[in-house]
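Everything below concerns the one structure shown next.
We count ligands from 1, going down the list as the structure has it; atoms in each ligand are counted the same way. Just so it is clear, the structure is predicted and the values come from calculations on it, not from any experiment. For the numbers below, each heavy atom of this structure counts, side chains included, while hydrogens, waters and symmetry mates do not.
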Amino acid sequence: MNDKYITRFAPSPTGALHIGNARTFLITWLRARSLGGKVLMRMEDLDHPRVKIKKVEQAYEDLRWLGLDWDDKIVVQSQRNDLYCSEFSRLYRSGLLYPCFCSRADIQAAQSAPHAGEDLVYPNTCRGNAIDDIDYDKSRLAWRFNIGETSEVTYHDNFYGDQTVNLDMTSGDFVVARQNNSKKISISYQLACVVDDNATGVTEVIRAADLINSTFRQIELYKALGYSMPDFLHLPLVVGSDGRRLAKRHGDSRISCLREKGVSPKVVLGWLGWSCGLCEFGVEIDLNELLQGFDLNCISSKKVIVNESDLKYLGF
Ligand code: GLU
């Protein structure tokens, strides 16, 4: 085993895994195993109101059903708050955070143009706030990371090549934690993800391309926390026939549905393998066969369109 290469699965149990998530996890697994490396499992269950316990178990089951396995102990984010808070404190002490009292409506009203489906760009309204200005009676407060004056961030993506963004245009100062009026801190996805990827020794972060915008923010956190930077590899998004990210409106595409209907995982792997340029359309294939022929260069950088006939073929 190549003990230097480590990547991870990081499902969010806010919904069921669908065929698009399965494709990302399959490629993650094939990449790691073809390099003789490790795959860790991290359950990203910090989004409290939306996390459904049943979905946690279902995610493990769905992946196992496809034959995807993982190494070491599962990392459960909801059990790691102490670690996140201590890294949050380091950022706080370094003076890179400030308290923000803006509501979503305030931020929306300050946008120069609507950014449909994108994150809101924060106009840095509260950047001047001193830590001493905190009024704990305000029920909602967000801790934002100050991106500074030179907000251009560049990295090399192991799938898409060189990427550059100006954080002023895509996020502005971004939230790393929220605090309620009883001073309880909830750490954001951006910070928890960086702390965990670093703590678990991840050498390559693999995920879908809709998170490229997060990667730029996370790179700034890596630098601020003094962590060594992993590699990043983003994969084309799986979309419905309308070009929008696969969702319920496109029909059922949950792996658990196929599992319950008794569809063979080989059919699903065959379709996924075909979508990655690894086999012909319509074959049934097992994971080992896909692993033998795995080549990242076979995967097209175009979005993967799942239309009704694909869903039907898969057995939905
Ligand atoms: N939990 C995130 C998701 O399911 C993935 C986060 C990551 O890979 O960094 O979209």
Ion pair present between [X] and [Y], side-chain N to carboxylate O less than 4.0 angstrom?
{"X": "E149", "Y": "R127", "result": "yes"}
{"X": "D45", "Y": "K55", "result": "no"}
{"X": "R64", "Y": "E61", "result": "yes"}
{"X": "D69", "Y": "R33", "result": "yes"}

**Prompt:** Would you say Q58 and P11 make side-chain contact, with heavy atoms under 4.5 Å?
**Reply:**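 Not in contact.
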**Prompt:** Are L66 and L26 side-chain neighbours, meaning at least one heavy-atom pair lies under 4.5 Å?
**Reply:**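 No - every pair of side-chain heavy atoms lies 4.5 Å or more apart.
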Below 3.5 Å only, please: the N or O atoms of ligand 1 paired with protein N or O atoms, distance on each line.
{"unit_1": "ligand 1", "atom_1": "1 (N)", "unit_2": "A10", "atom_2": "O", "d": "2.7"}
{"unit_1": "ligand 1", "atom_1": "1 (N)", "unit_2": "S12", "atom_2": "OG", "d": "2.7"}
{"unit_1": "ligand 1", "atom_1": "1 (N)", "unit_2": "E44", "atom_2": "OE1", "d": "2.7"}
{"unit_1": "ligand 1", "atom_1": "4 (O)", "unit_2": "S12", "atom_2": "OG", "d": "3.3"}
{"unit_1": "ligand 1", "atom_1": "8 (O)", "unit_2": "R8", "atom_2": "NH1", "d": "2.8"}
{"unit_1": "ligand 1", "atom_1": "8 (O)", "unit_2": "R8", "atom_2": "NH2", "d": "3.4"}
{"unit_1": "ligand 1", "atom_1": "9 (O)", "unit_2": "R8", "atom_2": "NH2", "d": "2.9"}
{"unit_1": "ligand 1", "atom_1": "9 (O)", "unit_2": "Y189", "atom_2": "OH", "d": "2.7"}
{"unit_1": "ligand 1", "atom_1": "9 (O)", "unit_2": "R207", "atom_2": "NH1", "d": "2.8"}

